[in-house]
Amino acid sequence: MLSLVTFVRTCTFNPASTCFSLHRFLSSAANSFATNFDDVPFHSFTNIDATKRLHALLVVSGKSQNVLLSTKLVNLYASLGHVSLSRSTFNHIKRKNIYTWNSMISAFVRSGGYREALICVSDLLSMSGGRQRPDFYTFPPALKACECLLDGRKLHCCVVKMGFEEDVFVGASLIHLYSRFADLGVAYKVFVGMSVRDVGSWNAMISGFCQNGNAAEALRVLSKMRVEGLKMDKVTVSSILPVCAQSNDIVSGLLIHLYVIKHGLEADVFVSNALINMYSKFGRIRDAQRVFDDMKMRDLVSWNSVIAAYEQNSDPVTALGYFKEMQFVGIRPDLLTVVSLASIFGQLSDQMISRSVHGFVIRHEWLNRDVVIGNALVNMYAKLGAMDFARKVFEQLPSRDIVSWNTLITGYAQNGLASEAIDAYNMMEESHKIIPNQGTWVSILPAYSHLGALQLGMKIHGRLIKNSLYLDVFVATCLIDMYGKCGRLDSAMSLFYEIPRETSVPWNAIISCLGIHGHGEESLQLFKDMLAEGVKADHITFVSLLSACSHSGLVDEGQWCFDMMQKEYGIKPSLKHYGCMVDLLGRAGYLEKAYNLVSNMPVRPDASIWGALLGACRIHGNVELGTFASNRLLEVDSDNVGYYVLLSNMYANVGKWEGVLKVRSLARDRGLRKTPGWSSVVVGSIIEVFYTGNQTHPKCTEIYNELRVLTSKMKSLGYVPDYSFVLQDVEEDEKEQILTSHSERLAIAFGIISTPPRSPIRIFKNLRVCGDCHNATKYISRITERDIVVRDSNRFHHFKDGICSCGDYW
DNA sequence: CTAGGGTTAG
């Protein structure tokens, strides 16, 4: 008796709920075993120990076979997250009714035990006598538990046989089921067949279309729903918001936000989370922030969303701040949080912490849980420039999907490893297991552009025409870029006019293409067309435009763009913009203006800025400013051999030979880290690659013979080798030998001996073309009567009849 | 007493 009294005293319950009856019950229970449990408010138990004591009391009172009470206990255990206790309680009930079965099934479903739920359902269905027939409470959870379409179809048959298909709850579950397995035809048939539909039915259909990426159909159903006089509720709103982001429909998004405010739906976490995500996708980080700030209740998804919002809008520092705050308020990060973290540390290029994120993922064995996290790690190492690590993670992934491959390929391409990117792509194709998607094309095409692999690029273009993916703005832009960088400006232009061009993306590409081909005026014209069509220019547009102006020496126009960018668009110039302007002003001879621009920059000039100034000083022979620029330059980046070459050539141009010698010894002392120079030339369908000084090519002898013949002809026409491009401290004849074995010259010579007379030659060089080779190529184009097109890392040079299209502004 | 439809990803 005493133990029972103790039991009663220690029984905890939720004081906020209706506890008066519980009090009464407990005090009477203390005096008698003949207890009436009817008044016990089961739902007010929030504590597992109290529940266990209640269970014990039931047993002691001999009520454990009372179906109603035991079933309530099944539900109570489930709601406290103890499904195994639900199950054992369930198993002890001898005469189960349908309420008992339904409770057990939904308990399994709520805890994710789909297998167990389905076993339970089939036990119920196979019970003989048919006294326990499923009712319409049985099917919604049962349908949710189906992990394959076959199970779902079987249940659908039962639903029809038993005449429950008219129930709105069952109907919504069926629509949801078929949508999950992407069978939208059947889902829609169920939807249309329903004679009564509530908001839930409409929501099921709309979200079915949303989650299968069919935004248009989702919006169509939504508008039909509103025509029928039904109002959107919180569920409708949270399904439709991601669609607005996906279809780039900011107006609908804003209207829905207004609707949310008007109907007080923002109190719902799902709705607010969806709003944060939508604003984040539109880049409206301030709006996302405001929604987050106004939330009274925030869950894990809210925090993940705000962290991802900043991470995806390139503000890793703020994102990290929110991560710390999230930990501070006691919310435990999950897999998706870590996915964002990986990207954050990649963006911060923090090697140490990135490694520890990797360690964390391995310790939790999360690589087996979801490919996304593995892909995030590959991406993280790629952003750190550690492609060997990225590769290792990639190879150890338990499973790889299309995104894994795309991430690897993009990583190689963006770290300048184009041929590794192509190898990875080929490996993917050879596996025959993965179907490439949009992301694949936007990762592989830039690698082709980089190497000038026109044939391979065209092969992809052909494939894309078959499935119309070439109309996708991002894919098409990559194709435009590929054609432009492979020298097919005409193809780039005609493709540009074929595709949708409401966004700045394709315009930026075509403006840049025209620029690198030296067609500055046309770049400007396209910019004006762009504005006339109402397309808004962005910071990338101005990089393309300014560099086009600088390639063509359009000083006033460039200045106009630079001013307009700041005044009309409120874009603060970045280092790239300043680089273009310094280049533009400097090369046109306005060295003082260029210098003033550099000294008044609000950001610290980097190597590219000083390099541009030095290049301009070289052209105009301003040794004083050039020396100053090179001193600053070597403070920021003393490893790049290209700058020493520029400096040496500058001294040589004004006859300051002691300067040339000084640069040479400086270069020697610093033990220059040289990027190996290579050039390629296309002969037939074969791409031949030559490295500087290559002696191992099968046609080596013929190539050097051809060069010897050419050099003597060139000399008779007035060519004088410019040794200031050679930094090695060697004898004159050896310097000439070095110039002659530059990769671009080998490639040109190979092109000449391997193609019919007077046919054009296309060369690609990974670095800037050497000044002496540039001069030599002019002579070669005249001697051989060939058009020679050289694409270097900066622009195109069209050599024809002894003249270069760049006007010697190389 | 038991049920449906919703938000985050590389």
Side-chain angles (χ1 to χ4, degrees), chain A residues 42-43 67-76 78-79 97-107 109-110 134-144 164 167-177 179-180 191 197-208 210-211 232-242 245 265 268-278 280-281 299-309 311-312 334-340 342-343 346 370-380 382-383 401-408 410-411 439:
Chain A
F42 275 69
H43 55 270
V67 190
L68 184 66
L69 292 174
S70 314
T71 305
K72 282 187 180 179
L73 210 51
V74 170
N75 283 318
L76 185 51
S79 69
N97 64 17
I98 188 60
Y99 167 40
T100 321
W101 284 96
N102 289 345
S103 300
M104 193 63 243
I105 293 167
S106 70
V109 171
R110 269 188 285 165
D135 63 3
F136 42 66
Y137 283 107
T138 314
F139 287 102
L143 288 165
K144 194 175 179 179
F164 295 133
D167 184 78
V168 276
F169 282 70
V170 176
S173 300
L174 281 170
I175 295 168
H176 179 65
L177 169 92
S179 306
R180 254 166 61 208
F191 176 73
R197 296 188 202 105
D198 69 353
V199 200
S201 334
W202 288 91
N203 287 344
M205 196 63 247
I206 292 169
S207 72
C210 294
Q211 278 157 10
M232 298 196 290
D233 69 356
K234 54 192 178 163
V235 179
T236 328
V237 166
S238 34
S239 347
I240 209 74
L241 280 173
L265 298 178
D268 187 80
V269 272
F270 280 82
V271 170
S272 285
N273 293 346
L275 281 170
I276 296 173
N277 287 303
M278 178 197 71
S280 157
K281 295 242 166 68
D299 65 0
L300 176 60
V301 178
S302 321
W303 287 96
N304 281 350
S305 301
V306 78
I307 292 169
E311 173 254 305
Q312 282 159 16
D334 71 347
L335 191 136
L336 261 61
T337 323
V338 178
V339 166
S340 289
S343 174
D370 199 327
V371 265
V372 204
I373 186 72
N375 297 344
L377 291 179
V378 174
N379 184 44
M380 177 185 80
K383 282 207 189 108
D401 66 358
I402 182 62
V403 182
S404 323
W405 286 97
N406 294 350
T407 310
L408 186 74
T410 310

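Throughout, protein chains are lettered first and strands after them, A, B, ... in sequence-line order, and every chain is numbered starting at 1.
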- Message: Going by side chain to side chain donor-acceptor pair (under 3.5 Å), name the residues that satisfy it together with Ser404(A), two or more places apart in sequence or in a different chain.
- Response: Asn375(A), Asp401(A)

- Looking across every strand, which nucleic acid part, if any, lies under 4.0 Å from Ser207(A) by heavy atom: base, sugar-phosphate, or nothing? sugar-phosphate

- Task: Scan Asp268(A) against the nucleic acid and name what it touches under 4.0 Å (heavy atoms): base, sugar-phosphate only, or nothing.
- Result: base

- Query: Which part of the nucleic acid does Asp299(A) contact within heavy-atom distance under 4.0 Å: base, sugar-phosphate only, or nothing?
  - Reply: nothing

- Message: Please pick, from dT7(B), dG4(B), dG6(B), the nucleotide with the shortest atom-to-atom distance to any side-chain atom of Ser173(A).
- Response: dG4(B)

- Looking only at N and O atoms, is any donor in the side chain of Asp198(A) or the base of dG4(B) less than 3.5 Å from an acceptor on the other one? yes

- Message: Any side-chain to backbone donor/acceptor pair from Arg197(A) onto Phe191(A)? Under 3.5 Å, distance only.
- Response: yes

- Polar pair under 3.5 Å, donor/acceptor by atom type, side chain Asn203(A), base dG4(B): no

- Message: So if I take every side-chain heavy atom of Lys234(A) and compare against dA3(B), dG6(B), dG5(B), which nucleotide ends up nearest?
- Response: dG6(B)

- For Trp202(A) and dG6(B), give me the distance from atom CH2 to atom P, rounded to whole Å. 17 Å

- Just call it for Val271(A): base, sugar-phosphate, or nothing, with non-hydrogen atoms closer than 4.0 Å on any strand. base

- Touch check for Val372(A), heavy atoms < 4.0 angstrom, all strands: base, sugar-phosphate only, or nothing? base

- Can you measure from CG (Asn277(A)) to NZ (Lys281(A)) and round to the nearest 0.5 angstrom? 5.5 Å

- Look only at the side chain of Ser280(A) and the backbone of Ile276(A), and say whether a donor-acceptor pair between them is shorter than 3.5 Å. no

- Message: Check the phosphate of dG5(B) against Gln211(A), side-chain N and O only, distance under 4.0 Å to OP1 or OP2. Yes or no?
- Response: no

- May I ask you to say what Phe136(A) touches in the nucleic acid, namely base, sugar-phosphate or nothing, with a heavy-atom cut-off under 4.0 Å? base

- Within this structure, what is the CH2-to-P distance between Trp303(A) and dA9(B), rounded to whole angstrom? 18 Å

- Rounded to the nearest Å, what distance is computed from the CE atom of residue Met278(A) to the P atom of nucleotide dT7(B)? 15 Å

- Between dT2(B), dG4(B), dA9(B), which nucleotide gets closest to the side-chain atoms of Val168(A)? dG4(B)

- Leu241(A) CG - dT8(B) C1' separation (whole Å): 13 Å

- Message: Heavy atoms from C-beta onward define the side chain here; which of dG6(B), dG4(B), dT8(B) lies closest to that of Val235(A)?
- Response: dG6(B)

- Task: Give a yes/no on whether any side-chain N or O of Ser305(A) is located under 4.0 angstrom from OP1 or OP2 of dT7(B).
- Result: no

- May I ask you to verify if any side-chain N or O of Lys281(A) is less than 4.0 angstrom from the OP1 or OP2 atom of dA9(B)? yes

- When we call it a touch if two heavy atoms are under 4.0 Å apart, what does Val237(A) touch: a base, just sugar-phosphate, or nothing? nothing

- Using the aromatic ring of Phe270(A) (for Trp, its six-membered ring), decide whether it stacks on the base of dT7(B) within the limits of 5.5 Å and 30°. no

- Got a donor-acceptor contact below 3.5 angstrom from the Ser272(A) side chain to the Val269(A) backbone? no

- Message: Taking side chain to side chain donor-acceptor pair (under 3.5 Å) as the definition, give me every residue that meets it alongside Asp198(A), ordered by chain and number, with sequence neighbours left out.
- Response: Ser201(A)

- In whole angstroms, how far is the C1' atom of dT2(B) from the OH atom of Tyr137(A)? 7 Å

- Within the structure shown, what part of the strands sits under 4.0 Å from Asp370(A) by heavy-atom distance: base, sugar-phosphate, or nothing? base

- Task: Report the nucleotide, chosen from dA3(B), dT7(B), dG5(B), that has the shortest atom-to-atom distance to any side-chain atom of Phe169(A).
- Result: dA3(B)

- Message: At less than 3.5 Å, do the side-chain atoms of Asp167(A) and the base atoms of dG4(B) form a donor-acceptor pair?
- Response: no

- When rounded to whole Å, the CZ to P distance for the pair Arg110(A) and dA3(B) reads 5 Å

- Roughly, in whole Å, what's the span from CZ in Phe164(A) to C1' in dG4(B)? 15 Å

- Message: dG4(B), OP1 or OP2 - any side-chain N/O from His176(A) closer than 4.0 Å?
- Response: no

- With a 4.0 Å cut-off on heavy atoms, is Asn277(A) in touch with a base, just the backbone sugar-phosphate, or nothing at all? sugar-phosphate

- Would Asp299(A) and Asn273(A) count as having a side-chain donor-acceptor pair, cut-off 3.5 Å? yes

- Query: Could a donor-acceptor pair under 3.5 angstrom be found where the side chain of Ser239(A) meets the base of dG6(B)?
  - Reply: no

- At under 4.0 Å between heavy atoms, what does Thr337(A) touch on the DNA or RNA strands: base, sugar-phosphate, or nothing? nothing

- Interatomic distance where CG belongs to Asp233(A) and P belongs to dG4(B) [whole Å]: 15 Å

- Query: Nearest to the side chain of Leu336(A) - dG5(B), dA3(B), dT8(B)?
  - Reply: dT8(B)

